[in-house]
Amino acid sequence: MRRWWLTIFIAIAVAGCAPVAALANDWGMGDSNSRIPPSSVFDSVSTPAHEINTLAFFVVSITTVIFLIVAGLLTYSIVRFRARPGDDGREPPQVYGSNPIEFAWTTVPVIIVLVLILITARTIYTVQAPARPPGALSVHVIAHQWWWEFRYPGLGIVTANELHVPLSDLQSPTPTFLDLESADVAHSFWVPRLAGKTDVIPNKKNSMWIDPHVAGTYLGQCGEYCGTEHAMMLLRVIVEPRADFDRWVAAEQQPPALDASVGHGRRVFESTACVNCHTIRGTAADGRFGPDLTHLMTRETIGAGVAMNTRDHLKVWVSDPRVMKPGALMPAMNLGDKDLDDLVAYLATLR
Ligand code: CUA
């Protein structure tokens, strides 16, 4: 049943997107995204998403049965008791004050509503999960126009747009708790296969949790209109077995290796406006307005999922981000050819 809906949904989505994809330069994103399973809410791999999914199917099933009974009786009455030639025009017999009937149509809906309230309350309780078990990972999510900042307070890591979390197996769960805040307008954090949407609001800390049971990459996006590039505020959650996650953490905690051959590119970076907005650990750059670039090349995408992270794309991006992402807040850097090449060569060493 679920697969059936999923197939129809994907067919409609693909049919709708195909002409657009054929026209636009997708900067290599189509190939990458096609290797990632569709981010369908019907295919949950984490407890909060699974709970919401189960509740939705339960409520839809009950309301469908009610709809079929009411619509069936209505249709039957309309057809069976329709006006016919030769009717005498009198009203049919009217029934008043039947206690059994009134009792039944009051009690049955009350019981149904009560069941829905209890099951919904239980789901809300599970999804909100107030207590953080020991061993849980905490990540601070900060939404910006139009990208995601991820800070791991216990680990001293800062990254952007691609969130790494450990796999949580059902025997020894290692869930991840996200505390979400916004630096500017209201956004919404949404990774359909892992959890429901959570609003990300300035001056208010919201929280949510995930416990992905299956390793892989999950696509997400901003779920609330937040300005020009709302549609290009994408994110990826990379779920890895614990050992791989620990290796990623250890690598992220190191500053990037110094490469003497790109000294000029590094000087270009440090002597332009780049340093006002970006951080690269081990350099003078400690800006907070844009993404932390310390380990830029470990990320698969740039511009919050607008392009694959290749040298050619980086060059286009640095020279004028608005070619890829109209409305992006990063200005065109207006560098000469040599400075641009050297700067990109330097960025390409940030592993
Ligand atoms: Cu951020 Cu929509």
Side-chain angles (χ1 to χ4, degrees), residues 29 32-33 35-37 39 44-49 132-144 147-170 172-181 187 189-195 198 200 207-222 233-257 278-281 288 290-310 347 350-351:
M29 291 308 299
S32 167
N33 288 345
R35 284 192 295 273
I36 300 172
S39 41
S44 48
V45 293
S46 167
T47 305
R132 299 186 181 201
L137 175 70
S138 288
V139 181
H140 193 171
V141 178
I142 304 159
H144 298 256
W147 59 281
W148 302 95
E149 179 177 357
F150 301 122
R151 307 180 80 90
Y152 295 66
L155 302 172
I157 295 172
V158 182
T159 184
N161 303 319
E162 297 181 13
L163 174 66
H164 286 247
V165 300
L167 187 68
S168 178
D169 84 64
L170 294 166
S172 55
T174 48
T176 299
F177 284 75
L178 308 175
D179 297 305
L180 308 104
E181 281 180 287
H187 303 266
F189 185 93
W190 189 33
V191 185
R193 296 186 68 193
L194 300 182
T198 303
V200 190
S207 60
M208 61 184 287
W209 68 288
I210 52 175
D211 63 339
H213 311 319
V214 183
T217 300
Y218 301 98
L219 296 177
Q221 66 188 82
C222 181
M233 190 168 165
L234 309 175
L235 70 129
R236 291 169 175 223
V237 179
I238 295 110
V239 177
E240 300 162 309
R242 190 75 211 193
D244 292 352
F245 176 74
D246 289 342
R247 256 195 298 281
W248 176 82
V249 168
E252 288 286 310
Q253 285 172 334
Q254 299 301 316
H278 295 286
T279 295
I280 297 180
R281 270 188 286 130
R288 286 280 309 267
D292 186 304
L293 302 178
T294 305
H295 293 285
L296 172 67
M297 297 316 287
T298 60
R299 306 204 279 262
E300 224 187 329
T301 65
I302 54 172
V306 85
M308 288 308 283
N309 187 5
T310 66
L347 294 178
L350 299 175
R351 303 214 143 267

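Reckoned from all heavy atoms, side chains included, excluding hydrogens, waters and symmetry mates.
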Problem set entry | Nearest heavy atoms of Leu219 and Pro192, plus distance in Å |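 In this case the closest contact between Leu219 and Pro192 is O-CD, 3.5 Å.
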Problem set entry | Pairwise side-chain contact, Arg299 with Leu293, heavy-atom cut-off 4.5 Å (strictly under) |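 Yes, close enough: below the 4.5 Å cut-off.
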Exercise. Within a strict 4.5 Å, meaning less than it, do heavy atoms of the Ile280 and Leu296 side chains meet?
Worked result: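 No. Closest side-chain heavy atoms not under 4.5 Å.
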For this session: Might you point out which heavy atoms bring Ser32 and Arg236 nearest each other, and give the distance in Å?
Result: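 Scanning both residues completely, I find the closest heavy atoms to be OG-NH2, 3.0 Å.
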Exercise. Between Leu234 and Gln221, is a side chain to side chain contact (heavy atoms under 4.5 Å, CB included) present by the stated rule, with each step listed?
Worked result: CA-CA 4 Å; Leu234 309 175; Gln221 66 188 82; 3.7 Å; yes
Problem set entry | Min side-chain heavy-atom separation Pro48-Met208 under 4.5 Å |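 When only atoms from C-beta onward are counted, Met208 and Pro48 do not touch, as no gap falls below 4.5 Å.
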Exercise. Can you name the side chain to side chain donor-acceptor pair (under 3.5 Å) partners of His295, sequence neighbours left out?
Worked result: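 Here no residue qualifies.
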Problem set entry | Minimum heavy-atom distance Ala143-Trp148, with the two atoms named |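 Of all heavy-atom pairs spanning Ala143 and Trp148, the closest is CB-CZ3, 3.7 Å.
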Exercise. Which is it for Leu137 and Leu155 under the side chain to side chain contact (heavy atoms under 4.5 Å, CB included) test, yes or no, and what are the steps along the way?
Worked result: CA-CA 10 Å; Leu137 175 70; Leu155 302 172; 3.9 Å; yes
For this session: Write down the atom of Pro173, the atom of Ser168, and the distance for their closest heavy-atom approach.
Result: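 Closest pair (atom of Pro173, atom of Ser168, distance): CA-OG, 3.3 Å.
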For this session: For the pair Thr174 (side chain) and Ala136 (backbone), establish whether a donor and an acceptor sit closer than 3.5 Å, ignoring hydrogens and angles.
Result: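 Judged by distance alone, no pair lies under 3.5 Å.
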Problem set entry | Heavy-atom check, side chain of Pro37 versus side chain of Arg193, under 4.5 Å |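 Yes, close enough: below the 4.5 Å cut-off.
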Problem set entry | Gap between atom OG1 of Thr217 and atom CG of Leu163 - 0.5 Å precision |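 Atom-to-atom, Leu163:CG and Thr217:OG1 are 11.0 Å apart.
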Problem set entry | Those residues that, when tested against Glu252, pass salt bridge (charged side-chain N to carboxylate O under 4.0 Å, His left out) (two or more places apart) |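 For Glu252, no residue satisfies salt bridge (charged side-chain N to carboxylate O under 4.0 Å, His left out) once neighbours in sequence are set aside.
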Exercise. Could you state the interatomic distance from NE2 (His213) to CG (Leu170), rounded to the nearest 0.5 Å?
Worked result: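 Rounded to the nearest 0.5 Å, the NE2-CG separation comes to 4.5 Å.
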Problem set entry | Rounded distance (nearest 0.5 Å) linking atom CG of Leu180 with atom NE2 of His140 |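 Rounded to the nearest 0.5 Å, the CG-NE2 separation comes out at 8.0 Å.
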For this session: Measure across Met29 and Thr301 and return the closest heavy-atom pair with its distance rounded to 0.1 Å.
Result: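 That would be CE-CG2, 3.7 Å.
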For this session: Name all residues meeting the ring-ring contact (aromatic ring centres under 6.0 Å, His included) criterion together with Tyr218; count only those two or more places apart in sequence or in a different chain, and write none if there are none.
Result: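 Testing Tyr218 for ring-ring contact (aromatic ring centres under 6.0 Å, His included), a comparison that skips the adjacent residues, returns none.
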Exercise. Do the rings of Phe189 and Phe150 sit parallel, tilted or perpendicular, given the 30° and 60° boundaries?
Worked result: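 Ring orientation, 0 to 90° scale: perpendicular.
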Exercise. Is any side-chain heavy atom of Trp209 closer than 4.5 Å to a side-chain heavy atom of Ser207?
Worked result: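 No, their side chains stay 4.5 Å or more apart.
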Exercise. Heavy atoms, side chains only, cut-off 4.5 Å: are Thr176 and Pro166 in contact?
Worked result: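 Heavy-atom side-chain distance check passes, below 4.5 Å.
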For this session: Report the distance from atom CZ of Arg288 to atom CZ of Arg151, rounding to the nearest 0.5 Å.
Result: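 Going from CZ on Arg288 over to CZ on Arg151, the span is 3.5 Å.
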Exercise. So how far is it from Arg281 CZ to Asp292 CG, rounded to the nearest 0.5 Å?
Worked result: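 It is 6.5 Å, given to the nearest 0.5 Å.
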For this session: Compare all side-chain heavy atoms of Pro212 with those of Val237 and state whether any distance is below 4.5 angstrom.
Result: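 No. Closest side-chain heavy atoms not under 4.5 Å.
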For this session: Take Phe245 and Leu167 through the side chain to side chain contact (heavy atoms under 4.5 Å, CB included) test and state the conclusion after the steps.
Result: CA-CA 8 Å; Phe245 176 74; Leu167 187 68; over 6 Å; no
Exercise. Hey, what do you get for CD (Glu300) to CG (Asn309), rounding to the nearest 0.5 Å?
Worked result: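 Rounded to the nearest 0.5 Å, the CD-CG separation comes out at 9.0 Å.
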For this session: State, yes or no, whether a side-chain contact exists between Val249 and His164 at a heavy-atom distance under 4.5 Å.
Result: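 No, every pair of side-chain atoms sits at 4.5 Å or beyond.
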Exercise. Hey, mind stepping through Ile157 and Gln253 against side chain to side chain contact (heavy atoms under 4.5 Å, CB included) and telling me if it holds?
Worked result: CA-CA 6 Å; Ile157 295 172; Gln253 285 172 334; 4.1 Å; yes
For this session: Grab the two heavy atoms, one from Leu350 and one from Thr294, that are nearest each other, plus how far apart they are.
Result: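 Smallest heavy-atom distance, with atoms named: CB-O, 3.7 Å.
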